[in-house]
Structures are given as C-alpha cells and as structure tokens.
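Residue numbers count from 1 along this sequence.
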Amino acid sequence: QVQLVESGGGLVQPGGSLRLSCAASGSMFSINAMGWFRQAPGKQRELVATITSGGTAYYVESVKGRFTNSRDNAKNTVYLQMNRLKLEDTAVYYCNAGIQRGPLLSDAWGQGTLVTVSS
C-alpha cells in the first residue's frame with residue numbers, strides 16, 4: 001500500500017501564499033501522473049491541477065497564473081505553490097497519484113490538508 005501525505009495547509013490572508021506538499025511513501029512503486037483536487041464546504045470535489053510523469057503541468061482556469069504544480073521524482077513528492085490566494089480558494093486540498101508496482105496500476109489519495117483564506 002502506498003500512502004500519500006499532504007502538508008502545508010493553513011490559514012492565510014487574501015493575496016498570500018502557501019506551498020502544499022504531497023509525499024508518497026511505501027516500497028517497490030513508482031508514481032505516474034499526479035493531481036491536486038479540492039473540496040470547498042458544500043461543494044463537490046473539483047480538479048485543480050495535474051502533472052504528468054514528465055513534469056508537464058495543467059491547471060484549471062480559476063487558478064492558472066497563480067498556482068504552480070511541480071514534482072520531485074527522486075523524493076516521490078509533488079508540490080503546489082499557491083500565490084495570490086483568494087477567498088474562493090478555501091478548501092480541503094487532496095493529492096491523487098497514479099501508482100505502478102511492476103505491471104500493476106492503481107491510484108492513491110491523500111487525507112487532505114485544509115487551506116483557509118480569510119481576512
């Protein structure tokens with residue numbers, strides 16, 4: 001079993017910045033594509049950003065230009081740098097990863113980290 005642990009959430013004022021990290025732990029695995037999702041109170045979980053195994057990142061329009069998705073394959077970690085945060089960014093952020101063990105494919109979800117943007 002592969003575990004994903006998110007960190008870096010917290011309380012920040014509008015216009016501030018946070019960096020989220022998602023670290024994968026386990027053995028005998030590799031990570032393919034990864035993605036960030038978020039779920040605001042009373043709303044459905046939505047995609048925020050994805051990043052391919054080669055490091056190509058994609059973003060939804062609402063965060064494009066403000067968020068930067070990157071990964072460090074040597075550390076099995078993906079990062080989401082969030083700048084110019086808005087009230088609408090308040091949500092629990094979840095990391096998702098495609099996992100490969102030999103010929104077997106699966107996915108994993110982190111437990112989430114809360115980002116609260118408030119003045």
Tell me which pairs pass ring pair (Phe, Tyr, Trp, His ring centres under 6.0 Å) where either residue lies in residues 36-56, with sequence neighbours left out. Phe37-Trp109
dist Lys75:NZ -> Asn73:CG (nearest 0.5 Å) comes out at 12.0 Å
Check step by step if side-chain contact (heavy atoms from CB on, under 4.5 Å) holds for Thr113 and Leu20. CA-CA 8 Å; Thr113 185; Leu20 306 184; 4.0 Å; yes
Looking at CD of Gln13 and OG1 of Thr116, how far apart are the two atoms once the value is rounded to the nearest 0.5 Å? 13.0 Å
Any side-chain heavy-atom pair from Thr90 and Val115 closer than 4.5 angstrom? no
Do Val117 and Val60 sit in the same hydrophobic cluster, where Ile, Leu, Val, Met, Phe, Trp and Tyr count as joined when their side-chain heavy atoms come under 4.5 Å apart? yes
Leu11 CG to Ser119 OG distance, which is reported to the nearest 0.5 Å: 10.0 Å
Ile31 and side chain to side chain contact (heavy atoms under 4.5 Å, CB included): which single residue from Val78, Val2, Ile99 fits? Ile99
Taking Lys43's backbone N and O only, do any of them form a donor-acceptor pair with Gln39's side chain (distance below 3.5 Å, no angle check)? yes
To the closest 0.5 Å, what do you measure between CG (Leu80) and CD (Glu6)? 11.0 Å
Test of understanding: clusters of I, L, V, M, F, W, Y form through side-chain heavy atoms closer than 4.5 Å, transitively. Do Val12 and Phe67 belong to the same one? yes
Please answer: with hydrophobic residues joined when any side-chain heavy atoms are less than 4.5 Å apart, are Phe29 and Met34 in the same cluster? yes
Do the non-hydrogen side-chain atoms of Tyr59 and Val48 ever get within less than 4.5 Å of each other? no
If you measure from SG on Cys22 to CD1 on Ile51, what distance do you get to the nearest 0.5 Å? 11.5 Å
Transitive ILVMFWY side-chain link Tyr79 to Val63, under 4.5 Å: no
Between Tyr58 and Thr52, is there a side-chain heavy-atom distance shorter than 4.5 Å? yes
Using a 4.5 Å cut-off on heavy atoms from C-beta on, say whether the side chain of Leu105 contacts that of Asn32. yes
Looking at residues at least two apart in the chain, or sitting in another chain, which of them share a side-chain contact (heavy atoms from CB on, under 4.5 Å) with Ala23? Thr77
Could you state the interatomic distance from CG (Leu4) to CG (Asn96), rounded to the nearest 0.5 Å? 7.5 Å
In terms of heavy-atom contacts, does CD of Gln111 have more than 12 from other residues, nucleotides or ligands at under 6.0 Å? no
Please tabulate, for the side chains in residues 81-89, all donor-acceptor contacts under 3.5 angstrom to protein atoms that are two or more places apart in sequence or on a different chain.
unit_1 : atom_1 : unit_2 : atom_2 : d
Gln81  : NE2    : Asn83  : OD1    : 3.0
Asn83  : OD1    : Ser17  : OG     : 2.9
Asp89  : OD1    : Arg38  : NH1    : 3.0
Asp89  : OD1    : Arg66  : NH2    : 3.1
Asp89  : OD2    : Arg66  : NH1    : 2.8
Asp89  : OD2    : Arg66  : NH2    : 3.4
Asp89  : OD2    : Lys86  : N      : 2.8

Of all heavy-atom pairs between Ser106 and Arg101, which one has the smallest distance, and what is that distance? OG-NH1, 4.5 Å
